[in-house]
Amino acid sequence: MSDIVSIIQRVLGDVDLVLGWTATGAGGVAAPARFQTAAEAERAVFNATCVHNLAVHLPRLKDQTVGIVAKGCDSRSVAQLIQEREIDRDRVKVIGVRGLGGSIDVRKIWRFHGYGVPVDARTDSLFIDGKEVDRQEFLRQKCLGCRDMDPVIYDELFEASGSSITGIADAATVETALSETGLGTSLTAAEAMSAAGEDESRPLGELFAKMNSAERRLFWREQYSRCIRCYACREACPMCFCRDVCIMQTTDPHWTGAGVDAGEAEMMQLIRVNHLAGRCTGCGECERACPVGIPLMLLMNKQNQVIEELFGYRAGTDLEARPPLLTFDIKGDSRSEK
Amino acid sequence: MAELKLIGFLCNWCSYAGADMAGMARMKQPGELRIIRLPCTGRVNPLLILKAFQQGADGVLVSGCHPGDCHYNEGNYYARRRLELLSRMLPAFGIEPERFHFTWVSASEGARWADVVTEFTGKIEAMGKA
Amino acid sequence: MRIGVFVCQCGTNIAGTVATDKVAEAALAMRDVLHAETLQYTCSDPGQRAIIDAVQKKGLTRVVIAACSPRMHETTFRRTIGQAGMNAYMMEMVNIREHCSWIHSDIDTATDKAIDLVQKGVARVRRQVPLYSTTVPVTRRVLVIGGGVAGIQAALDIADSGLPVTLVERGPTIGGNMARLDKTFPTLDCSSCILTPRMVEAKQHENISLMVNTEIEQVRGYIGNFEVDVRKKATCVIEDKCTGCMICQEKCPGKAPDEFNAGVGQSKAISIPFPQAVPLVAALRKEHCRRFIKGKCGVCKKVCPADAVDYEQEDEITTEMFGAVVVATGYELYDWREAYPDYGGGQYPDVVTSLQYERMLSASGPTAGHVQRPSDGAEPKQVVFVSCVGSRDESVGRPLCCSVGCMYIAKQAILTKEHIPDSQSYVFYIDIRATGKGYEEFTRRAQKEFGAIYLRGRVGKIYPSNGQLVVMGTDTLSGGPVEIEADLVVLATGFAAARGAGELARKLNISYDQYEFLSESHPKLRPVETTTGGIFLAGACQAPKDIPDSVAQAGAAAAKVIGLLSRGEIETSPMVAAVDQLRCIGCFKCRDVCSYNAIEALELRDGRQVAKVIDSLCQGCGVCNVACPPSVVSLKGYTDNQLIAETMELLR
Ligand SMILES: Cc1cc2nc3c(=O)[nH]c(=O)nc-3n(C[C@H](O)[C@H](O)[C@H](O)COP(=O)(O)OP(=O)(O)OC[C@H]3O[C@@H](n4cnc5c(N)ncnc54)[C@H](O)[C@@H]3O)c2cc1C
Ligand code: SF4
Ligand code: SF4
Ligand code: SF4
Ligand code: FES
């Protein structure tokens with residue numbers, strides 16, 4: 001079995017640069033890095049804090065040949081970008097990661113153990129400040145319901161661990177609970193409570209599912225009123241590649257004004273939901289990037305679920321598929337209109 | 001109670017003509033709906049509907065040619081997917097899905113158009129303002 | 001920006017329910033509006049002049065006209081402001097008649113709505129930019145679909161102007177339903193005597209190429225340049241070789257229904273529909289041919305002196321370009337059987353349709369003009385005509401009038417008396433509709449001179465009794481029920497659209513109504529146009545009509561076609577999509593959704609690939625506009641900002 005360093009070094013023989021991680025974050029947490037030489041690649045790591053979806057950089061590196069370390073979820077973004085002809089399959093080398101038992105939400109660690117505490121996040125165990133803890137408690141919410149443990153596409157395979165995948169058995173239960181509402185979130189119950197004014201023990205998804213329209217409107221109004229319009233959600237999204245012509249920032253067309261308020265923030269998110277229909281792979285980066293903790297994945301997950309129901313389609317799982325909103329099925333399209 | 005605000009996005013070739021037909025036949029209809037003419041339901045951006053709701057519309061109606069009859073052959077097939085998705089997403093946005101109605105009215109269906117308007121307006125009236 | 005608003009009163013059509021002066025007053029308060037007035041009839045000459053005056057005196061740069069439907073007068077007013085020296089597209093119509101005054105009775109409601117609509121129009125026109133149309137060359141060839149009297153007339157008129165015409169007929173001969181008629185009302189001239197020469201002329205005309213047994217497979221393109229695939233169905237007969245001697249038909253052992261004779265009599269598996277058929281060429285129907293059903297036989301090939309039979313023949317698809325299309329697919333008789341079980345539902349042989357009776361009366365028909373009732377061949381003495389079977393009957397879902405039934409019943413009653421002098425005709429009718437020239441007189445003659453007895457009322461039941469039929473009806477004039485013994489009953493069955501008319505309409509992308517009659521663009525002002533440019537209608541395919549009307553409409557369609565193609569090029573609508581190439585990200589989602597292949601890739605000098613709209617192919621649907629994430633391909637005249645502004649304005 002090759003280690004990540006030697007795989008990256010090998011891939012560097014074919015490409016201009018490789019996107020991966022080094023362990024330079026607070027407390028030894030992984031931070032994204034690009035490697036251009038074998039020497040640089042010596043610093044590469046892969047562990048369960050490698051949460052970032054590096055595919056976001058690919059559209060910006062179109063004139064280079066790029067290697068990318070991609071978890072199962074990340075590989076869907078790469079696949080979707082290829083399917084949308086945004087990047088060229090021949091110009092990326094995907095180092096797919098297999099056997100990662102879900103990644104760790106370091107914010108949860110920091111919240112309970114203090115910022116910068118040393119973290120050793122292996123694929124089968126988790127040590128905080130040298131002490132082993134229950135790894136599952138600190139898994140990212142989205143990993144609990146993961147359906148994409150294995151990469152969709154890859155040129156090289158990196159086996160993250162031979163060990164069993166923790167948390168996944170229980171994840172099934174969580175997944176059922178969440179899929180009923182179609183929601184999943186990394187928000188804490190406390191945050192949910194403040195938003196919805198309900199019992200602390202319930203996850204946000206469940207709360208949201210129970211709200212009526214008026215409550216939801218109020219809920220979103222409150223959530224959006226915290227938006228500082230930093231566009232981090234958009235910047236973190238691998239599929240948002242309109243860049244400087246994004247319609248959130250123009251008066252032609254004039255969908256949003258320049259103001260920072262709940263109404264404008266809502267329109268921004270509606271635009272995002274609309275533009276990502278049939279394209280969002282559910283990687284969760286938008287929500288992770290949001291500095292004020294707006295539960296953006298509530299809408300994204302819901303839409304992904306509806307699209308799967310309506311069109312049997314999951315973004316980034318099939319390079320050849322026709323995106324569902326760029327085609328139609330004369331007979332088969334279900335219709336509530338009449 | 002302030003007046004209801006209802007907006008209809010109609011394709012030029014079938015539904016707008018159908019509404020004309022209803023007018024020519026002097027079929028009385030409730031007065032709340034305001035019609036915006038577009039070439040085709042394929043031109044209806046779901047964002048436009050969301051924008052309308054955000055700006056306080058109490059109901060939004062989209063009407064075009066029956067499937068197979070779109071003046072541009074396929075416009076309403078794209079619309080059908082876009083709007084089906086939209087209507088399923090409305091609850092998550094906090095908008096009652098009943099406030100949105102998507103239908104087909106042909107150029108010769110003046111009576112049907114009058115019925116659609118009457119029914120839709122009645123439904124929204126019963127729901128009250130958004 | 002200087003906007004003028006003109007509020008039409010349309011006499012009292014609008015002013016009766018909308019306080020137009022209040023609308024004009026409200027308009028004056030709207031942003032950038034510096035002129036507003038009401039006009040009595042805006043579309044009239046003084047109305048249009050008032051607009052031109054105001055534009056010129058006040059230097060208006062944009063105009064909003066609140067009047068009838070833009071589908072009615074948009075082109076009129078574009079021309080008006082063009083005459084005033086403005087770009088024709090700097091005008092917006094808002095519909096305060098069809099969508100307002102005519103559907104509301106409350107003045108406040110209607111006035112409020114009208115003000116809102118004007119506000120919306122102002123918001124929209126403020127964001128309008130001048131648009132310029134371009135021209136494309138046209139194909140100076142014409143396709144006529146359907147070879148009935150309407151199609152023949154249109155083809156001849158167009159061909160006479162020097163344009164090449166392809167006349168496509170799906171049956172084995174042209175002539176349509178008129179070829180089946182014996183004599184024609186109201187003059188009683190013989191149908192074949194007037195039609196056959198025209199059929200021959202169509203065949204021989206140097207500018208007409210005739211294709212029978214042919215159907216339209218697919219249509220692409222748009223006004224001026226339609227690309228049409230036609231399928232010539234295999235008939236197992238080589239058209240150029242067949243001399244029309246009919247020996248094959250004589251010798252063929254395979255019986256087949258006689259469609260030309262409306263099922264009266266029988267035909268053969270290989271046949272020529274009638275001796276005057278054009279072209280006079282046999283066709284083999286595989287579904288009735290012994291060789292194809294049972295695998296043996298081959299008589300026709302053996303006996304054909306011209307060696308014209310070819311069992312291996314296959315369908316042929318060819319593609320041709322046309323600048324314009326005339327659709328003249330006519331009608332079929334409504335199939336009454338299921339809807340009228342009380343009339344025997346087709347069980348009684350002596351209850352026939354009008355078209356069958358027409359064939360029974362015809363000297364060239366299967367009985368050589370001797371009227372014989374089907375059951376036993378006897379000459380009927382008592383003939384009962386039942387009008388409006390499948391017409392004007394809500395209970396079977398067919399409220400439409402067939403428009404010729406009353407007339408052909410009178411005709412057939414007259415002819416019955418001529419054929420069988422000692423016969424008596426009875427006619428059950430609802431109303432006698434005889435509105436054409438000489439028509440009323442004709443129906444009177446049937447009663448006065450030819451003794452037909454007219455009874456006003458519907459027939460409730462027809463049943464057999466003692467070798468005869470009993471027709472039970474009501475006579476609403478005398479007030480009582482009546483029963484008449486009949487030797488033969490003729491049902492004046494209503495008109496239905498030709499089989500497959502809806503399907504053809506979809507291929508051509510034109511509209512049709514619930515009965516599949518094809519829709520004209522405007523019932524009064526554009527009666528032969530369809531909603532698709534370059535496609536015209538003629539004859540009974542549009543609605544039931546008689547021969548004079550069919551021929552007149554065919555002439556009108558021909559005139560439109562000739563006018564269209566006389567220019568050699570046509571203006572395209574400027575309301576097409578356009579890409580802002582500086583902002584295009586080259587994702588080509590627009591190209592994925594465009595149904596007209598109107599979007600291509602263009603490489604900029606810096607190597608970036610961007611989208612480019614091919615103006616002449618773009619039809620202006622706007623599907624791409626919605627698919628484009630940055631919305632940088634935008635539909636001119638319906639930009640995002642215009643639609644957003646309209647929406648926002650209505651919700652203020
Ligand atoms: C019993 C009876 C008696 C009548 N008597 C009179 C009378 O005395 N005087 C009078 O003025 N009118 C009379 N009419 C009416 C007259 O028949 C019609 O007005 C006339 O035939 C209409 O002509 P058309 O060319 O529009 O249609 P049609 O005659 O129906 O011709 C249409 C042609 O198009 C062809 N076609 C259909 N679909 C297609 C397709 N998809 N592709 C290619 N070809 C196609 C058909 O095969 C047919 O040849 C009578 C009608 C009936 C039923
Ligand atoms: S919208 Fe969010 S979850 Fe979806 S692809 Fe973009 S960043 Fe990932
Ligand atoms: S969809 Fe828009 S951005 Fe994409 S190629 Fe077309 S015009 Fe350009
Ligand atoms: S508007 Fe767009 S999608 Fe429609 S025909 Fe034109 S280019 Fe094609
Ligand atoms: S033109 Fe009516 S829906 Fe496309």
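A, B, ... follow the sequence lines: proteins, then strands. Residue 1 opens every chain.
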Measuring heavy-atom distances to chain C, does [X] have an atom under 4.5 Å in its side chain, in its backbone, in both, or in neither?
X: B:R82; answer: side chain
X: B:A79; answer: neither
X: B:A107; answer: neither

Heavy-atom cut-off 4.5 Å, strictly under: side chain, backbone, both or neither for [X] against chain B?
X: C:S519; value: neither
X: C:T531; value: both
X: C:N13; value: side chain
X: C:K113; value: both
X: C:L643; value: both
X: C:H99; value: side chain
X: C:A505; value: neither
X: C:R97; value: neither

Options [options], ranked by heavy-atom pairs under 4.5 Å with chain C, top entry:
options: B:M21, B:E109, B:R34; value: B:R34
options: B:G75, B:C40, B:G68; value: B:G68
options: B:P39, B:A114, B:A25, B:S108; value: B:P39
options: B:A22, B:C14, B:P46, B:A19; value: B:A19
options: B:D58, B:I7, B:L33; value: B:I7
options: B:I36, B:N12, B:N45, B:V117; value: B:I36

When you compare the side chain of [Y] with that of [X], does any pair of heavy atoms fall below 4.5 Å?
X: B:E96; Y: B:L90; value: no
X: B:F9; Y: C:T647; value: yes
X: C:Y515; Y: C:F495; value: no
X: C:I223; Y: C:T532; value: no
X: C:V626; Y: B:R43; value: yes
X: B:C65; Y: B:C11; value: yes

For [Y], is there an ion pair with [X] - N to carboxylate O distance below 4.0 angstrom?
X: C:R78; Y: C:E74; value: yes
X: C:K120; Y: C:E649; value: no
X: B:R88; Y: B:E84; value: yes

Checklist entry - Is the charged tip of C:R220 near the ring of C:Y596: under 6.0 Å from the six-membered ring centre and within 45° of its axis? => result no
If you count heavy-atom pairs under 4.5 Å between each of [options] and chain B, which one has the most?
options: C:R124, C:Q514, C:E98; result: C:E98
options: C:V593, C:N95, C:L117, C:D513; result: C:V593
options: C:D106, C:D116, C:T109; result: C:D116
options: C:L650, C:L635, C:V94; result: C:L650
options: C:W102, C:Y512, C:Y638; result: C:W102

Checklist entry - Just by distance, do the side chain of B:Q29 and the backbone of B:M27 share a donor-acceptor pair under 3.5 Å? => result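 Between the backbone of B:M27 and the side chain of B:Q29 there is a qualifying donor-acceptor contact (under 3.5 Å).
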Next on the checklist: With a sphere of 6.0 Å drawn around NZ of C:K22, does it hold more than 12 non-hydrogen atoms of other residues, nucleotides or ligands?
Outcome noted: no
Checklist entry - With sequence neighbours excluded, what pairs up with C:M648 under the side chain to side chain contact (heavy atoms under 4.5 Å, CB included) test? => result B:K51, B:Q55, C:I644
